[in-house]
S.K.: 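Supplied in structure tokens, the structure appears directly below.
The figures that follow rest on heavy atoms only: side chains count, while hydrogens, waters and symmetry mates do not. The chain is numbered in sequence order, starting from 1.
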Amino acid sequence: MMNRIITSIYHSPAGDMLLGSYDGKLCLCDWNIPTRRPGIDGRISRYLNTDFVEGRSDVIDRTIIQLDEYFTRQRTTFDIPLLFCGSEFQCRVWNELLNIPYGDTASYKELAQKISNPDAVRAVASANASNAISILVPCHRVIGSNGKLTGYAGGLEAKRLLLDLESRFIVYSL
């Protein structure tokens, strides 16, 4: 029998998220926004050559516990095994996102420099937007070079909520 991507909805204070696990790893923690689902879900389904089924798994249950702890300021890091479904470049960007500490931010330009590709600012922004494991892979910590909040899959209000949750001392403008 073929493995399937097990999915469940998580109701976060910033909005509903779709969690997905595959073969003991989290492959999806993304905003449950209808216009976003076909692209992200299609990419993951093609990458893993399988389909989605609603349910629960140990990884999803552990993710829910850790997200609840994050939203109540009891957790600043996650220890969930992750499965990235993307190109080599996207995976490099997503891995670099993991290095942005809780309470810090980085610009798209800084991220491009950190992956040794300083001219790839737009490609980095595109990879950031394609991140399917929000919060755990903290794409919300990437802001414009001018310090302003820029696009976010969950919306700018969700991004502001996450950044405010992580640091009460930084003021972000839209």
S.K.: Identify the two heavy atoms, one from Ile60 and one from Gly55, that lie closest to each other, and give their separation to 0.1 Å.
M.R.: CD1-O, 4.3 Å

S.K.: Does this structure show an ion pair linking Arg37 with Asp41, if we count only N-O contacts that are shorter than 4.0 Å?
M.R.: yes

S.K.: Search all heavy atoms of Pro81 against all heavy atoms of Gly24 and return the closest pair with its distance.
M.R.: CG-O, 3.4 Å

S.K.: Check the pair Phe52, Arg4 against side-chain contact (heavy atoms from CB on, under 4.5 Å), reporting the backbone distance first and the verdict last.
M.R.: CA-CA 6 Å; Phe52 294 80; Arg4 290 191 169 164; over 6 Å; no

S.K.: Does Ser130 use its side chain to pair, donor to acceptor, with the backbone of Ser126 at less than 3.5 Å?
M.R.: yes

S.K.: What is the minimum heavy-atom distance between Glu96 and Leu111, and which atoms define it?
M.R.: CG-CD1, 3.6 Å

S.K.: May I ask you to decide whether Asp104 forms a salt bridge with Arg141, counting only side-chain N to carboxylate O separations under 4.0 Å?
M.R.: no

S.K.: Side chains of Gln90 and Asn131: any donor to acceptor distance under 3.5 Å?
M.R.: no

S.K.: Measuring only between side-chain heavy atoms, which start at C-beta, is Phe71 closer than 4.5 Å to Ile135?
M.R.: yes

S.K.: Should Leu82 and Tyr102 be counted in the same cluster of Ile, Leu, Val, Met, Phe, Trp and Tyr side chains packed under 4.5 Å apart?
M.R.: yes

S.K.: Please check: side-chain N/O of Lys159 versus main-chain N/O of Val142, any donor-acceptor pairing under 3.5 Å?
M.R.: yes

S.K.: Side-chain heavy atoms under 4.5 angstrom apart, residues restricted to Ile, Leu, Val, Met, Phe, Trp, Tyr: same cluster for Ile6 and Leu83?
M.R.: no

S.K.: Can you name the nearest heavy-atom pair linking Leu19 to Cys29, along with the distance?
M.R.: CD2-SG, 3.5 Å

S.K.: Donor-acceptor check, side chain of Ser167 to backbone of Asp164, threshold 3.5 angstrom: yes or no?
M.R.: no

S.K.: For the residue pair Asp68 and Tyr10, confirm or rule out a side-chain donor-acceptor distance under 3.5 Å.
M.R.: yes

S.K.: What's the separation between atom OG in Ser145 and atom CD in Glu110, rounded to the nearest 0.5 Å?
M.R.: 7.0 Å

S.K.: Of the non-hydrogen atoms in Ile33 and Gly154, which two are nearest, and what is the gap between them?
M.R.: CD1-CA, 4.0 Å

S.K.: Please answer whether the main-chain N or O of Asp79 pairs with a side-chain N or O of Arg62 as donor and acceptor at a distance below 3.5 Å.
M.R.: yes

S.K.: Is the Trp94 ring parallel, tilted or perpendicular to the Phe84 ring (thresholds 30°, 60°)?
M.R.: tilted

S.K.: Are there over 12 heavy-atom neighbours, none belonging to Glu54, within less than 6.0 Å of that residue's CD?
M.R.: no

S.K.: Quick one: CD on Glu69 to CD on Gln74, what's the gap to the nearest 0.5 Å?
M.R.: 6.0 Å

S.K.: Could you please spell out the steps behind the side-chain contact (heavy atoms from CB on, under 4.5 Å) verdict for Ser134 and Met17?
M.R.: CA-CA 9 Å; Ser134 293; Met17 304 186 84; 3.9 Å; yes

S.K.: Is it the case that the side chain of Thr50 and the backbone of Asn3 share a donor-acceptor pair, with hydrogens and angles ignored and the cut-off at 3.5 Å?
M.R.: yes

S.K.: So, Arg56 side chain and Ser8 main chain: donor-acceptor pair closer than 3.5 Å or not?
M.R.: no

S.K.: Do Thr150 and Tyr108 pair up side chain to side chain, a donor and an acceptor below 3.5 Å, judged on atom types alone?
M.R.: yes

S.K.: Begin with the C-alpha distance, continue with both residues' side-chain angles, and end with the deciding distance and a verdict on side-chain contact (heavy atoms from CB on, under 4.5 Å) for Ile5 and Val53.
M.R.: CA-CA 6 Å; Ile5 303 160; Val53 60; over 6 Å; no

S.K.: Step by step, would you call Lys148 with Ile143 a side-chain contact (heavy atoms from CB on, under 4.5 Å)?
M.R.: CA-CA 6 Å; Lys148 291 191 176 201; Ile143 60 173; over 6 Å; no

S.K.: Out of curiosity, Ile133 CD1 to Lys25 NZ, how far, rounded to the nearest 0.5 Å?
M.R.: 10.5 Å

S.K.: Can you check whether Thr63's main-chain N or O pairs, donor with acceptor, with Gln66's side chain at less than 3.5 Å?
M.R.: no

S.K.: Please check if the side chain of Asn128 supplies one atom and the backbone of Val124 the other of a donor-acceptor pair under 3.5 Å.
M.R.: no

S.K.: Considering non-hydrogen atoms only, spot the tightest contact between Cys27 and Leu48 and give its length.
M.R.: SG-CD1, 4.3 Å

S.K.: Given the rule that I, L, V, M, F, W and Y join up when any side-chain heavy atoms are under 4.5 Å apart, are Phe78 and Val137 in one cluster?
M.R.: yes

S.K.: Membership question, hydrophobic clusters at under 4.5 Å side-chain separation (ILVMFWY): are Val121 and Leu97 in the same one?
M.R.: yes

S.K.: If you group Ile, Leu, Val, Met, Phe, Trp and Tyr by side-chain heavy-atom gaps below 4.5 Å, do Ile80 and Leu28 land in one group?
M.R.: no

S.K.: Are a donor atom and an acceptor atom from the side chains of Glu166 and Tyr70 found within less than 3.5 Å of each other?
M.R.: yes

S.K.: Please report the interatomic distance CG(Asn32) to NE2(His11), rounded to the nearest 0.5 Å.
M.R.: 9.0 Å

S.K.: Judged by atom type as modelled, is there a donor-acceptor pair below 3.5 Å linking the side chain of Arg160 to the main-chain atoms of Leu156?
M.R.: no

S.K.: Would you confirm whether Arg92, through its side chain, and Ile115, through its main-chain N or O, come within 3.5 Å as a donor-acceptor pair?
M.R.: yes

